[in-house]
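Both counts, for ligands and for their atoms, begin at 1 and track the order of listing.
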Amino acid sequence: MHATLTDEILRAVEAAPDAAAAQQTAVDLLKARLPHYTWVGIYLMEGDELVLGPFLGKPSPHTRIPLDSGICGAAASQRATIIVDDVNADPRYLACSLETKSEIVVPIMRGDDVLGEIDVDSDRPAAFGGDDRRLLEAVARALAQKKA
Ligand code: SME
């Protein structure tokens, strides 16, 4: 379903001159192309915290997230994608917007190291499935290969 879109985003990420430009490009294209992506952002590991980088959507109060906090912290600690169909039923959830209903967080890994993660919120309940996971994991792999 997302094959053409995946190709478009991967090509744009690969063509970006550096990691920061690639992150911005990924956020811009994901937000523009996918109507159910209400908020799209990238967090970057700094020490033992996730620090908000480029994003589109309402400003989030969570600009620095410790690894033991939030769905974002859980995905980084577990080094695994997390999909939450109903954020209000998940005790880990750190609220960004009252309208948010579901979330996907995909770690950006280089080997065993977590460089950061892609975080997407949706105002739709259970908005994220296998297509979103495959798309975002491919984008995360492409981002991990970019040089700072
Ligand atoms: N919901 C995230 C926090 C980040 S905001 O959604 C942008 C979490 O629970 O970790």
Salt-bridge present (Lys146, Glu14; N to O < 4.0 Å)
no

Rest of the hydrophobic cluster containing Trp39 (Ile/Leu/Val/Met/Phe/Trp/Tyr, side-chain heavy atoms under 4.5 Å)?
Tyr43, Met45, Leu50, Leu52, Phe55, Ile65, Leu67, Leu94, Met109, Val114

Grab the two heavy atoms, one from Cys72 and one from Asp119, that are nearest each other, plus how far apart they are.
SG-OD2, 3.5 Å

Is any side-chain heavy atom of Leu44 closer than 4.5 Å to a side-chain heavy atom of Ile42?
yes

Go through it in stages, so that I can follow the logic: the residues are Asp121 and Lys101, the test is side chain to side chain contact (heavy atoms under 4.5 Å, CB included), and I'd like the CA-CA distance, side-chain angles, deciding distance and then a yes or no.
CA-CA 7 Å; Asp121 291 348; Lys101 301 290 192 298; over 6 Å; no

Between ligand 1 and the protein, which N/O pairs fall short of 3.5 Å?
from, atom 1, to, atom 2, distance (Å)
ligand 1, 1 (N), Leu94, O, 2.9
ligand 1, 1 (N), Glu103, OE1, 2.9
ligand 1, 1 (N), Glu103, OE2, 3.1
ligand 1, 6 (O), Asp121, OD2, 3.0
ligand 1, 9 (O), Ile71, N, 3.0
ligand 1, 9 (O), Leu94, N, 2.8
ligand 1, 10 (O), Ile71, N, 2.9
ligand 1, 10 (O), Cys72, N, 2.8

Under a 4.0 Å threshold between the charged nitrogen and the carboxylate oxygen, would Arg134 count as salt-bridged to Asp131?
yes

